[in-house]
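Just so it is clear, the model here is predicted, and its values are computed rather than measured. Naming: A, B, ... by sequence-line order, numbering from 1 per chain.
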There are 2 protein chains.
Amino acid sequence: MAPINKRVTLADVARLAGVSKQTVSRVVNGSQAVTGETRIRVEACIEQLGFRPSLLARQLTTGRSFTLGVVANSGIGYLMSGKAYMDMVREADRMGFSLLVKEVPGHSLEEVTASFDYLIERQVEGVIWAGPEVGDSHAWLDDYDPAQLPMPMVVVNAGLRPGLDTVAFDNLHAGRIATRHLASLGRKHIGHISGPMDRWVSRQRVEGWRQELVALGLEGVHLLVESDWEAGSGGPCLRALQELCPQLDAVFVSSDRTAQGVLFEAHRQGLRVPEDLAVMGIDDLPEAQYFIPPLTSMTQDTPHMAVVALRLLVRRICKLRGEPYPAACATPEDPSLLHTLVVRQSTQGGPF
Amino acid sequence: MAPINKRVTLADVARLAGVSKQTVSRVVNGSQAVTGETRIRVEACIEQLGFRPSLLARQLTTGRSFTLGVVANSGIGYLMSGKAYMDMVREADRMGFSLLVKEVPGHSLEEVTASFDYLIERQVEGVIWAGPEVGDSHAWLDDYDPAQLPMPMVVVNAGLRPGLDTVAFDNLHAGRIATRHLASLGRKHIGHISGPMDRWVSRQRVEGWRQELVALGLEGVHLLVESDWEAGSGGPCLRALQELCPQLDAVFVSSDRTAQGVLFEAHRQGLRVPEDLAVMGIDDLPEAQYFIPPLTSMTQDTPHMAVVALRLLVRRICKLRGEPYPAACATPEDPSLLHTLVVRQSTQGGPF
DNA sequence: CTGAAAGCGCTTACAG
DNA sequence: CTGAAAGCGCTTACAG
């Protein structure tokens, strides 16, 4: 490796090879318009000098940064799980882009604007808005004309807004499927432990649960308690539901972690799961099948969501520039993603 | 926001304000050498035009990128957990740096070199090598003279190498603490379910367990089984240990997830934990206190490790340039991090 | 305090 | 196939 502070430039290579800078440039960029002989000589000099082109310089001249901005909240980086993040990095790499992550501390217009300034200064070619929709966190979007943004943007896991590209799970659908499953087991008093109610995701799931109860002619739309999505709230939430309805025989929990807390509390109370109480979650964590008893859940492939958003963004960028799509995002994908039910002993019963 | 493809430049502002480009530059960079009057006029023009300086151009002239490279493996991005990653992004931001993540698919010298080329092309000012040490994944480091690298580098959670900055947990110490805890409860047959044995982290913990057994005069250094760190291997590993030693009365498990699988298997077998079998893990996941029974574990603050590594790297960069350290990394920190024991019912017993 | 000149390391037309 | 010129959007000395 070259010693510090001795960047080798195109000019150095050109001098050594006895050619002009743009000939070297052509070799580096694999242009056809170079004699085999010249190419070989230049390549030898590149090797000898350990030349590596400065992408900064290239980016300045071409006007492209090949960088994408990912904006995430400070709070919960659910999307930024190790796997989801590495999947995005890998996929972006395949399509020739780097990822730049920006954390936005809050949701005031000033903070949002500051984040955009940060990304614009760094010339990102597109933005993925990956912060969860909390309260009015996405309100600023309603006032923004997306066409006025200096670059394309894709919003992840938030409510749909006209004219805005959004990739999200159909959480209302998830709520309906979960509730239908519990009802299909003959349960009559199906409570719901929601996520934080200032979350779009949580409200959608609540709405799905409610709609399905109504559709099935079941009572119990008042059997709703709010969790913080952590395991610790499982116990208190279960007890709250039991107070609302002593005959409670099923709980649809909005996260596997909280469901684990519910199972813990049920065990403490000496309740049999699922005989006395059926429990199900959402997320299908890898550990869910080792809960006691193994947890019925719904898979939610957030890494896939992230990658779909990324591909959509690159499509938008290419379209804008009139360029062909990279192979990785050649075919359009459905921006509405579905959860899949995974039935285990916590609702279905049986040995394990 | 400015419409697409209409980047406003310094020159535009200068023209509108009727001053030279470097005056605008001075205003943007907060140089003192500008009359209040001029400054105000220029600022108005900046506002009016929506000017945002191009960091690319600035970086090219100043020779600085204010970007740090983070290299991670494709396999397990343990360091890249949502929280660890966001903590790094935030801390880097505070010190004025952006983070660029590069995934290295394998560990051949070619792949490592390609990753460095990638980072050098993008002019990162320093590198955090964050891939876990697996097999000979870090062997290339032994042949590298760190002084020859074009930028400073900090290695995370790997074995120490002379002349190389490394920030890591003292996993040997963790193994000793865990084993001592189980022995202190009077357990005589303390098995260990290790992580994958090609991992440096795993081998260190095994060594700590072994050393402590010897120090305490306990038998059982053969009671060793290897897991894949997932919950699924808990059952098979426990059964394997039981075959090796029917009197097995304690297991030190190298991850909470696998420990959950062990608890699951113990429950299946009708074993009482901890009366028949004491179980403890490492990681202290937030859910560990809701395992049945609540799991004794050891905290391991990986986000903190990541941040310590980041600060050390920035120190190295500043030192190299003869610049003062940012406040965030002004005081040196210990690169050797310790786990903390958290005792719960899975070893100590009692109600929950 | 302010400006004209040169340059950072590339690439893009345009000639030969 | 190859090269001389101009420029990307800034900043760094150097003059006034």
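- Figure legend. D/dC1 is base-paired to C/dG16; pairs are counted as Watson-Crick or G-U wobble with both atom distances under 3.5 Å.
- In this structure, A/K21 places its NZ atom 22 Å from P of D/dC1, rounding to the nearest Å.
- Taking only side-chain nitrogens and oxygens, B/S20 comes nearer than 4.0 Å to OP1 or OP2 of C/dG3.
- Taking side-chain N and O atoms only, A/T61 has no distance below 4.0 Å to OP1 or OP2 of C/dT12.
- Across the protein-nucleic acid pair, A/N29 atom CG and D/dC1 atom P stand 16 Å apart, rounded to whole Å.
- The phosphate of D/dG3 (OP1 or OP2) has a side-chain N or O of A/T23 nearer than 4.0 angstrom.
- Going from atom CZ of A/R122 over to atom P of D/dG9 covers 18 Å, rounded to whole Å.
- Considering only the side chain of A/L10, C/dC10 comes nearest among D/dT11, C/dC10, C/dC14.
- A straight line from CG of A/L56 to C1' of C/dC10 spans 10 Å, rounded to a whole angstrom.
- Closest approach to the B/L60 side chain among C/dT11, C/dC10, D/dG9 is made by D/dG9 (side chain taken as heavy atoms from C-beta onward).
- Distance alone, capped at 3.5 Å, is enough to place a donor-acceptor pair between the A/R315 side chain and the A/C329 backbone.
- By the neighbour-count criterion of 12 heavy atoms within 6.0 Å, atom CD of A/E47 is sparsely surrounded, having that number or fewer from other residues, nucleotides or ligands.
- Contact of the B/L10 side chain with the B/S25 side chain is registered, since non-hydrogen atoms from C-beta on lie closer than 4.5 Å.
- The nearest whole Å value for the distance from the CZ atom in A/R52 to the P atom in C/dG9 is 15 Å.
- A donor-acceptor pair is defined here as one N or O able to donate and one able to accept, closer than 3.5 Å; no such pair exists between the side chain of B/S115 and the backbone of B/V104.
- A donor-acceptor pair shorter than 3.5 Å can be found between the side chains of B/S98 and A/R122.
- At whole-Å resolution of the value, CD in A/Q123 and C1' in C/dC10 are 15 Å apart.
- Residue B/T38 places at least one side-chain N or O closer than 4.0 Å to OP1 or OP2 of C/dT2.
- If you find the closest nucleotide of DNA chain C to B/G18 and to B/T62, the one lying nearer the 5' end belongs to B/G18.
- The nearest whole Å value for the distance from the CZ atom in A/R64 to the P atom in C/dT12 is 11 Å.
- The side chain of A/R26 lies closest to C/dA13, out of C/dA13, C/dT2, D/dT11.
- Between the CD atom of B/Q59 and the P atom of D/dC8 there is a distance of 19 Å, given to the nearest Å.
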